[in-house]
Amino acid sequence: MARILVLGAGFAGLWAALGAARKRDEIGARAANAEILVVDRNAYHSIRVRNYEVDLGDVALPLQGLLDPVGVRHVVAEVAAIDPAKREVVVRTGSGAGTLTYDRLVLTTGSELVRPPVPGLAAHGFDVDTFEAAMRLDAHLAALGKQLPSQARSTVAVVGAGFTGIEVAAEMPAKLAHAGISGDHRVILIDPNPVVGATFGAHGRPVIEEALAALGVESRLNVRVSAVGADSITLDSGEIIPAATVVWCGGMRASPLAALLPVKHDALGRIAVDHYMRAEGLDGVFAAGDVATCLIDGEHPTVMSCQFARPMGRFAGHNVVADLFGEPLLPLDIDWYVTVLDLGAWGALYTTGWDREVHTSGAAAKLTKQTINQQRIYPPRDGGRAALLAAAAPTIQTAPPTRK
């Protein structure tokens, strides 16, 4: 029996598995016995981009309800090694190590937060990179809410003024209030760049600056973190800020598993794929999502975001089955790019194009962001096979509309 092995159940991995199941179903009897097996360290699909939000009650979706209805197996394990020459993957579970063979592999292990060796960061820092990390941050804030008021208790330092850091900082006033930390508080955004939101360019930055100012978020720019303590953060400028909460949002890098593959990697550690999601230089290996890079419109490389991971996963899943059974592959081309940045109670920023022209901002953009986070990026959850397979069709969504 042929086996398609999908490593990872994030945005790319889930949709790769569903896309593969859809194509297997489409081929019919000839492919009916092909096994699709998903390996992930968790038994759930994480709506990772929502980890900064106040309410985390609907961001971990059990894989059982998403994969079982379409006949996709899934196991909870850590991937330890990949041998593309032997077509083998070593995994570790609570009961020990084992080896899984495959006929085709889809690598969708995503990305992870870059954690530099800053003194005290590992012991005292928080992040929102994973669901568990986000829950840990919330538990920490809830515990602070029960303590006596102090300057450190009511101060949060967010390190990294990119997409994630801005969303964390903008949402933090609401998270503090939810944790019972009322009254005066400080949220400080720290970055080595001279501006907040450096990648947003001249169009979006004024909007971001206006929103952060309205929310009372301070900034420390052109500085780096020297140390993190239990109740303070030290900057290389010499400033020591009393803060019991330091949230690290200092950049992302492809899963370390990509480095195990004998191919070239880009500056973010990603492996190159063609428009069919085939890993360049690796026979029988496909890749999608944050672990892969593709010149999606012939000019711009894909961005580490669910906007690209989801369609990359759908096409990878379709094509891996098509490749296995000698059917035509479908190329992925995406001719639009948008960003919708959550700016907390102020609203949001919706930009279009690679130069990030401002499309809309404030309350209207916030409605679009909420639609994306709460509806657009979710799989069908009624347990219905037909709905899941239909959602996995290898098609490209249009850009999200402005909501009013």
Side-chain angles (χ1 to χ4, degrees), residues 49-55 113 125-129 134 137-138 140-141 144-145 149-225 228 231-235 237 239-251 339-351 356 358 361-363 365-366 369-370 373:
V49 296
R50 296 190 64 183
N51 285 345
Y52 69 93
E53 294 184 11
V54 171
D55 184 2
L113 180 66
F126 296 86
D127 62 79
V128 294
D129 191 38
L137 172 61
D138 280 5
H140 165 76
L141 293 175
L144 288 179
S150 70
Q151 189 174 1
R153 169 184 176 264
S154 58
T155 301
V156 178
V158 180
V159 183
F163 203 103
T164 302
I166 292 169
E167 291 196 324
V168 168
E171 187 81 348
M172 192 55 65
K175 289 179 80 73
L176 291 172
H178 183 75
I181 303 173
S182 56
D184 292 339
H185 64 263
R186 297 178 73 193
V187 179
I188 305 171
L189 194 53
I190 300 167
D191 198 273
N193 288 296
V195 294
V196 169
T199 62
F200 278 86
H203 303 295
R205 280 202 302 270
V207 177
I208 297 169
E209 291 167 358
E210 177 187 345
L212 295 179
L215 294 168
V217 176
E218 304 174 36
S219 64
R220 299 290 188 276
L221 303 173
N222 280 315
V223 295
R224 295 182 181 274
V225 177
V228 177
D231 293 298
S232 67
I233 183 170
T234 303
L235 309 181
S237 63
E239 182 180 9
I240 300 175
I241 302 171
T245 307
V246 174
V247 187
W248 194 269
C249 305
T339 61
V340 188
L341 178 73
D342 200 338
L343 293 170
W346 184 89
L349 167 64
Y350 184 164
T351 72
R356 296 186 172 178
V358 175
S361 62
K366 183 74 169 189
K369 182 66 171 181
Q370 290 171 336
N373 276 17

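For this chain, numbers begin at 1 and follow the sequence in order. Just so it is clear, the model here is predicted, and its values are computed rather than measured.
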With heavy-atom distances below 4.5 Å as the criterion, would you say the side chains of [X] and [Y] are in contact?
| X | Y | value |
| --- | --- | --- |
| I233 | V159 | yes |
| R220 | L235 | yes |
| I181 | L144 | yes |
| P194 | L221 | no |
| Y52 | I166 | no |
| S154 | L176 | no |
| I241 | T155 | yes |
| T199 | F163 | no |

- Query: For atom CZ of R224, is the number of surrounding heavy atoms from other residues, nucleotides or ligands below 6.0 Å larger than 12?
  - Reply: no
- Are there more than 12 heavy atoms of other residues, nucleotides or ligands under 6.0 Å from atom NE2 of H178? no
Minimum heavy-atom distance between [X] and [Y], given as atom pair plus value:
| X | Y | value |
| --- | --- | --- |
| V340 | A365 | CG1-O, 4.0 Å |
| C249 | V158 | SG-CG1, 4.0 Å |
| W346 | G362 | CZ3-N, 3.6 Å |
| G251 | L113 | O-CD1, 3.3 Å |
| D191 | A161 | OD2-N, 2.7 Å |

- Walk me through it: do E53 and D55 pass the test side chain to side chain contact (heavy atoms under 4.5 Å, CB included)? CA-CA 6 Å; E53 294 184 11; D55 184 2; 5.6 Å; no
Find the distance between [atom1] ([X]) and [atom2] ([Y]) and round it off to the nearest 0.5 Å.
| X | Y | atom1 | atom2 | value |
| --- | --- | --- | --- | --- |
| R153 | H185 | CZ | NE2 | 12.0 Å |
| T339 | F200 | OG1 | CZ | 4.5 Å |
| W248 | I190 | CH2 | CD1 | 8.5 Å |
| S361 | I208 | OG | CD1 | 10.5 Å |
| L349 | R205 | CG | CZ | 12.0 Å |

- Query: Is E167 salt-bridged to K369, going by a charged N under 4.0 Å from an acidic O?
  - Reply: yes
- Does the pair L189 and L212 meet the rule for a side chain to side chain contact (heavy atoms under 4.5 Å, CB included), with working shown? CA-CA 10 Å; L189 194 53; L212 295 179; 3.9 Å; yes
- Item | Short side-chain to backbone donor-acceptor contact, D127 and V247, under 3.5 Å | no
- Task: Indicate yes or no for a side-chain donor-acceptor contact from K175 to the backbone of A169 under 3.5 Å, with no hydrogens or angles considered.
- Result: no
- Task: Check the side chains of T245 and H140 for a donor-acceptor pair under 3.5 angstrom, ignoring hydrogens and angles.
- Result: yes
- side chain to side chain contact (heavy atoms under 4.5 Å, CB included) assessment of L341 paired with Y350: CA-CA 6 Å; L341 178 73; Y350 184 164; over 6 Å; no
- Task: Step by step, work out the side chain to side chain contact (heavy atoms under 4.5 Å, CB included) result for Q151 and D184.
- Result: CA-CA 9 Å; Q151 189 174 1; D184 292 339; over 6 Å; no
